[in-house]
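What you are looking at is a predicted structure, and each value in this text was computed from that prediction instead of being measured.
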Amino acid sequence: MSRSVQLEHSWLARLAPEFEKPYMDKLRSFLLAEKRAGKQVFPASQEIFNAFAHAPLQQVKVVILGQDPYHGPGQAHGLCFSVRPGVKVPPSLQNIFREIESELGHPVPAHGHLAAWADQGVLLLNSVLSVECGRAASHQGKGWETFTDRVIEVINRECEHVVFMLWGSYAQRKGAIIDRHRHCVLSAPHPSPLSAHRGFFGCGHFKAANEYLQAHGRTPIDWSLPTKA
């Protein structure tokens, strides 16, 4: 991550002070040291802030909060739960598609590229924005959590009628600051195969999100995906 951060302008206007704080200097130094040590870091530097490029602040309608990027080669590209075109759909995303099919009748797509959601105002935000190849959660506790806490604070303060989908205890703890009177907070177990059967299946979040958006004069999300990524 270079000092000249290429962050979408509406986000940069609110988050620029974060890049001058000590925690960000430490994070920047950590990432540089990792790369100098020959470690492979995902996603690529130019895609770390990809979620913000797809969903400018004023366009955010839904926030889906993930934990950290996929750590396999070719998977992560800066949108939580999403993978590049041509990459096998991970199990948690398969379960998300299964729930959407159950709720809305959309067929399960053959790919896991979620840019079409992001371009409609779904902020696909991981709490931690980078990871070392093959080492899940390896960049937790390095500063990203502080940065993404600020992101949630900005949305909570400056936007109205946003739907937050908080799946699993980690996301629910991170979303504790959200004003439930100003926004809609939907909580459920994580879609991981380890927990999806405990209440993610049948949660009704995708239908509920669209009903909430429509009730507040906002265009609903088309949760179907193009046949080809």
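- Residues Ile155 and Leu123 meet the side-chain proximity criterion, which asks for heavy atoms closer than 4.5 Å.
- In this structure, Glu103 does not pair ionically with Lys207, as no charged nitrogen and carboxylate oxygen lie closer than 4.0 Å.
- When side chains are defined from C-beta on, Glu145 counts as touching Val128, because their heavy atoms get closer than 4.5 Å.
- Remark: Phe206 CZ to Ile64 CD1 distance equals 5.5 Å, nearest 0.5 Å.
- In this structure a side-chain-to-backbone donor-acceptor pair under 3.5 Å is present from Ser29 to Asp25.
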Item to complete: Could you check Arg150 against Glu153 for salt bridge (Lys or Arg N to Asp or Glu O under 4.0 Å), going step by step and ending with a plain yes or no?
Response: CA-CA 5 Å; Arg150 297 294 89 76; Glu153 288 174 6; 2.9 Å; yes
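- Residues Val63 and Phe49 are members of one and the same hydrophobic cluster, defined by side-chain heavy-atom contacts under 4.5 angstrom among Ile, Leu, Val, Met, Phe, Trp and Tyr.
- Residues Phe42 and Ile48 are members of separate hydrophobic clusters, defined by side-chain heavy-atom contacts under 4.5 angstrom among Ile, Leu, Val, Met, Phe, Trp and Tyr.
- Under the 4.5 Å side-chain criterion, counting only non-hydrogen atoms from C-beta, Leu27 is not in contact with Lys21.
- Closest approach of Pro69 to Ala76, counting heavy atoms only: CB-CB, 3.9 Å.
- Remark: side-chain polar atoms of Gln140 are not paired, donor with acceptor, to backbone N or O of Ala137 under 3.5 angstrom.
- Between Arg14 atom CZ and Trp11 atom CH2 the span is 8.5 Å, to the nearest 0.5 Å.
- Met165 and Ile177 are not part of a single hydrophobic cluster, where members link through side-chain heavy atoms under 4.5 Å apart.
- The shortest non-hydrogen separation linking Ala118 to Ala55 is O-CB, 3.8 Å.
- Taking the six-membered ring wherever Trp is involved, the centroid distance between the rings of Tyr23 and Phe147 does not fall below 6.0 Å.
- The aromatic rings of His216 and Tyr212 lie tilted to each other, with the angle between the two planes from 30° to 60°.
- Between Asn126 and Cys80, the shortest heavy-atom contact is OD1-CB, 3.3 Å.
- Separation of atoms OG (Ser130) and CD (Glu34) is listed at 8.5 Å; rounding is to 0.5 Å.
- Sequence neighbours left out, not one pair with a member in residues 60-73 passes side-chain hydrogen bond (donor to acceptor under 3.5 Å, both in side chains).
- Atom NE2 in His77 sits 6.5 Å away from atom CG in Leu114 (nearest 0.5 Å).
- Of all non-hydrogen atoms in Glu99 and Cys203, the two that sit nearest each other are OE2-N, 3.5 Å.
- By the 4.5 Å heavy-atom criterion applied to side chains, Val62 and Leu213 are counted as neighbours.
- There is a path of hydrophobic side-chain contacts, each under 4.5 Å, that joins Val122 to Phe200.
- Looking at Arg198, its side chain never comes within 3.5 Å of a backbone N or O of Pro189 through a donor-acceptor pair.
- By the 4.0 Å N-to-carboxylate-O rule, Glu47 lies close enough to Arg84 to be salt-bridged with it.
- Contact annotation: the side chain of Ser192 never approaches that of Asn95 to less than 4.5 Å [non-hydrogen atoms, C-beta and beyond].
- Residues Val108 and Glu101 share a closest heavy-atom pair of CG2-OE1, 3.6 Å.
- Shortest non-hydrogen contact noted between Ala51 and Leu124 is CB-O, 3.4 Å.
- In this structure, Arg180 places its CZ atom where more than 12 heavy-atom neighbours from other residues, nucleotides or ligands lie under 6.0 Å away.
- With contacts defined as side-chain heavy-atom distances shorter than 4.5 Å, the pair Ile221/Asn210 qualifies.
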Worksheet item: Hey, mind stepping through His190 and Phe81 against ring-ring contact (aromatic ring centres under 6.0 Å, His included) and telling me if it holds?
Response: CA-CA 12 Å; His190 195 276; Phe81 290 105; 5.8 Å; yes
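- Between the side chain of Gln120 and the backbone N or O of Ala116 there is at least one donor-acceptor pair closer than 3.5 Å.
- If you take CG on Leu57 and SG on Cys159, they are separated by 4.0 Å, rounding to the nearest 0.5 Å.
- Using modelled atom types, one finds a donor on one side chain and an acceptor on the other under 3.5 Å when comparing Ser45 with Lys35.
- The backbone N or O of Val89 lies less than 3.5 Å from a partner atom in the side chain of Gln94, making a donor-acceptor pair.
- Test Thr148, Leu166, Leu125 against Lys174 for side chain to side chain contact (heavy atoms under 4.5 Å, CB included) and you get one pass: Thr148.
- A heavy-atom distance below 4.5 Å is not found between the side chains of Ile96 and Trp223.
- Side-chain contact between Leu65 and Ile152 is present, with heavy atoms from C-beta onward closer than 4.5 Å.
- The aromatic rings of Phe201 and His197 stand perpendicular to each other, their planes meeting at an angle above 60°, with 30° marking the opposite boundary.
- Relative orientation of the His205 and Trp167 rings is parallel, given thresholds of 30° and 60° on the angle between their planes.
- A donor-acceptor contact shorter than 3.5 Å is absent between the side chain of Ser10 and the backbone of Pro56.
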Worksheet item: Given Leu79 and Trp117, is the side chain to side chain contact (heavy atoms under 4.5 Å, CB included) satisfied, shown in steps?
Response: CA-CA 10 Å; Leu79 305 179; Trp117 292 356; over 6 Å; no
Worksheet item: Stepwise, does the side chain to side chain contact (heavy atoms under 4.5 Å, CB included) test hold for Leu31 with Trp144?
Response: CA-CA 11 Å; Leu31 292 172; Trp144 281 127; 4.0 Å; yes
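- Here Asp179 contributes atom CG and Arg157 contributes atom CZ; the two are 12.5 Å apart, rounded to the nearest 0.5 Å.
- Not a single donor-acceptor pair under 3.5 Å links the side chain of His111 to the backbone N or O of Pro85.
- Phe30 and His139 have their aromatic ring centers within a separation under 6.0 angstrom.
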